[in-house]
Amino acid sequence: MTGRDHTKVHEAHHIHARQAPQHFYNSQPGPAYVHDMETYKKMYKESIENPEEFFGKMGRDFLHWDRPFTKVQSGSLENGDVAWFLNGELNASYNCVDRHAFANPDKPALIYEADDEADNKIITFGELLREVSKVAGVLKSWGVKKGDTVAVYLPMIPSTVIAMLAIARLGAVHSVIFAGFSSGSMKDRIVDAGCKVLITCDEGRRGGKTIHTKKIVDEGLNGVDSVSHILVFQRTGTEGIPMKAGRDFWWHEETAKQRGYFPPVSCNAEDPLFLLYTSGSTGSPKGVVHSTGGYLLGAALTTRYVFDIHPEDVLFTAGDVGWITGHTYALYGPLALGTTSIIFESTPAYPDYGRYWRIIQRHKATHFYVAPTALRLIKRVGEQEISKYDISSLRVLGSVGEPISPELWEWYHKTIGNENCVICDTMWQTESGSHLIAPLAGAVPTKPGSASVPFFGVNAAIIDPVTGVELPENDVEGVLAVKSPWPSMARSIWNNHAHYINTYMKPYPGYYFTGDGAGRDHDGYYWIRGRVDDVVNVSGHRLSTAEIEASLGNNEAVSEAAVIGIADELTGQAVIAFVSLKNSAHPANPLEGESTADELHRELILQVRGEIGPFASPKCIIIVKDLPKTRSGKIMRRVLRKIASNEADQLGDLSTLANADIVPSLIDAVNVQFLEKLKKK
Ligand code: WTA
């Protein structure tokens, strides 16, 4: 074990698995691919005991190989050298587009639900093949080849999917940067990945507002010479978008020069398909590397079996393709199966709270997949809209990104599902590529608040974080780990394999460490408790406290910053920042009784919004004299978490604090600058 403290989660979660609600639901109508628990158990057992045979067959059944693999799996978690489908060759774009375009050219591949519903559009598999081919042709003409990284900075529109598939068609590696990231964050990711080409758009539209995408790109790339070509999709067509001669090219002009078919390039199963940056315990984001064969199989298998997707189903994944949920369940999973996927550009509130339900009614969506944070919002403000629409086409309701409380689960089941849908609470991560713990719709009975059971091949384990020993029985609490390789697991961190090993493989040797606390109840069901590292989860967005701290520290008034996550009714967790100032007599220091503190608050919030992105902005910044520290100078975030959660009466043992005398002033600052303001709202 490393010196990390993974026990923190237990402070916040007093509920033991045994005390949680324990009733089962199973209400999937009609026959499912896996139709009962016994079959799940049998298949699961085989996937763990005989992965060669199980995944060998699945790999052949679900994917088209240009050259068959000769061995199913090699390498180990301990060595961090896992490989699947050795010597096999395939192309992800061929698997997601061509084979369906040949069989069903007129079947809708993508249903575009635009910000303004008047712009909605359907793209068939036949059209998708032509569009993907043309963009691949453009990239090829710019010299993009197998193994090159290409950045994509686009909103949730079909062009994003087309761009990603075009990159994959060449065997190049896409790195999608969520369009909500600031210019600085975008630049860091482009530089780290060494992208020479970027695909973006003129402007974005979200909730009726315009986002000046190309302007953000130009700001970010100011002084970055490594990007030689930018392909700009015309999303709004606003006049006067600055285009740099020789570097910036319009998508519609360049694709018009290309032919409607471009042959896919065969890739080794282990060639990287994409990078996706995510936040960890350390300051800078890390490029998680996913493989072509294993990732694609994981995406296809979980989409088929967890969601029980049948050929005519319509999947509405409401997450953005800038995050892993969009990669796996808006693009690769459904398209690998030839399933229609809804691409939603807007927000649940635009133009009104009926938006989700109109989408489902209009396209007869059978599957709806969303983060609990959106459900909390709807439950609070948009519930009355639901009954206006016919959403009876729904069969499976998914939840992802953060724990779903049993109450919200029941609400989802009753109000959206009409007690007639399966709720699939799916626990997974950017690094896992596809679902780790999730019920198979129609087979695995569900319990409100539990993500239920491990997916095929996921050899889940609960480890005692204190002793580092696995707890093999049921009715246990600890951290969640996986003890054998699964096909879609991340293979590396871009340019930093040592970090990959240290983060995931070193904490508990022989296991992959998820970073989450979890319990396993007496039925063998898993209950996810939340992160045990310095990652917070705000509205399903994964944020690094260290990254936010670094951004605050860039302000010249700031001496030190400590960022924590506390429970929040609407967003799941909220970011609270504690900041001490260099000059305690700073005019903005509220501790000096001055009211200009608001200005500094605003400045610091703007700093985080500008340097990382609006979604990372702290809910509150609390200015304090000093931060609580141990004798060795380590900030005791536990103390800050307790105080900010209004649990100052449960601070526990403070004997390791070097400056325990500041605690009353911390409590005061939290009361004045946060809790009292909260009450007034
Ligand atoms: C959390 C999102 C509870 C978890 C797919 C994980 C969840 C992190 C669930 C990964 C769930 C995801 N229940 N917690 N169903 N799903 N998480 O990389 O803490 O953005 O480690 O991937 O989200 O976030 P990421």
Side-chain angles (χ1 to χ4, degrees), residues 6 8-9 12-13 20 176 178 180-181 275-281 285-288 290 295 298-299 302-303 306 317-330 332-333 369-375 397-406 408-409 412 423-439 446-455 458 460 479-482 488-490 493 503-504 507 512-519 525-545 565 567 571-573 615-616:
H6 295 153
K8 120 182 162 189
V9 71
H13 295 281
V176 178
F178 172 58
F181 276 117
L275 307 183
L276 189 58
Y277 282 82
T278 193
S279 304
S281 288
K286 301 293 177 291
V288 172
H290 277 292
Y295 169 80
T302 48
T303 307
V306 172
T317 293
D320 194 282
V321 77
W323 307 110
I324 192 68
T325 300
H327 277 63
T328 306
Y329 298 105
Y332 286 110
Y369 192 30
V370 76
T373 191
L375 300 176
L397 301 174
S399 173
V400 58
E402 42 170 337
I404 180 167
S405 69
L408 190 63
W409 195 108
Y412 200 19
I423 306 293
C424 285
D425 176 11
T426 61
M427 149 61 190
W428 61 295
Q429 323 177 284
T430 304
E431 297 88 337
S432 72
S434 60
H435 300 150
L436 285 174
I437 313 275
T446 48
K447 296 187 196 190
S450 165
S452 75
V453 295
F455 188 69
V458 176
V479 295
L480 181 65
V482 185
S488 68
M489 67 179 289
I493 297 287
T503 308
Y504 308 111
Y512 164 90
F513 173 50
T514 60
D516 281 283
Y525 276 48
Y526 288 79
W527 298 75
I528 310 303
R529 308 294 186 207
R531 302 287 303 199
V532 295
D533 54 9
D534 296 323
V535 168
V536 284
N537 194 324
V538 180
S539 299
H541 289 162
R542 178 170 160 181
L543 305 169
S544 148
T545 52
T571 56
Q573 279 189 301
F615 56 90

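Numbering of ligands and ligand atoms starts at 1, following listing order. Values in this document were obtained by computation on a predicted structure and should not be read as measured data.
Close N/O approach between Ser399 and ligand 1 is not found [any backbone or side-chain N/O within under 3.5 Å]. For the pair Glu431 and ligand 1, the shortest N or O to N or O distance does not fall below 3.5 Å. For ligand 1, one of its N or O atoms has an N or O atom of Gly401 under 3.5 Å away.
Shown in contact with Val400 at under 4.0 Å from a heavy atom are these atoms of ligand 1, numbered in order with element: 5 (C).
Summarising the geometry of Leu276 relative to Thr430, their closest heavy-atom pair is CD2-CG2, 4.0 Å, with the distance given to 0.1 Å.
Every heavy atom of Gly515 sits 4.0 Å or more from the atoms of ligand 1.
Side chain of Thr514 to backbone of Leu480: a donor-acceptor contact under 3.5 angstrom is found. Judged by distance alone, with hydrogens and angles left aside, the side-chain atoms of Gln573 form a donor-acceptor pair with the main-chain N or O of Asn537 at under 3.5 Å.
Residues Arg542 and Arg531 have side chains in contact (heavy-atom distance under 4.5 Å, counting atoms from C-beta outward). Here the side chains of Ile493 and Val288 are in contact, with some heavy-atom distance below 4.5 Å. Here the side chains of Met489 and Val482 are not in contact, with every heavy-atom distance at 4.5 Å or above. Side-chain contact between Met427 and Tyr526: absent, with no pair of heavy atoms (C-beta onward) separated by less than 4.5 Å.
Contact annotation for Arg542 and ligand 1: only side-chain heavy atoms (C-beta onward) come within less than 4.0 Å of the ligand. Residue contacts with ligand 1 for His541 are absent, since no atom lies close enough (heavy atoms, distance under 4.0 Å). Under 4.0 angstrom from ligand 1, the non-hydrogen atoms of Thr426 all belong to its backbone. Residue Ala451 does not touch ligand 1, judged by heavy-atom distances below 4.0 Å. By the criterion of a heavy-atom distance under 4.0 Å, both the backbone and the side chain of Thr430 are placed next to ligand 1.
When only non-hydrogen protein atoms are considered, atom 10 (C) of ligand 1 lies nearest to Trp428 O, 3.6 Å. Closest protein heavy atom to atom 19 (O) of ligand 1: Asp516 OD1, 2.5 Å. Atom 3 (C) of ligand 1 has as its closest protein heavy atom Pro403 N, 3.2 Å.
Within the 6.0 Å centre-distance limit, the rings of Phe178 and Phe615 are counted as a close aromatic pair.
Tested against Trp428, the residues Tyr329, Trp323, Phe455 include a single ring-ring contact (aromatic ring centres under 6.0 Å, His included) partner, Tyr329.
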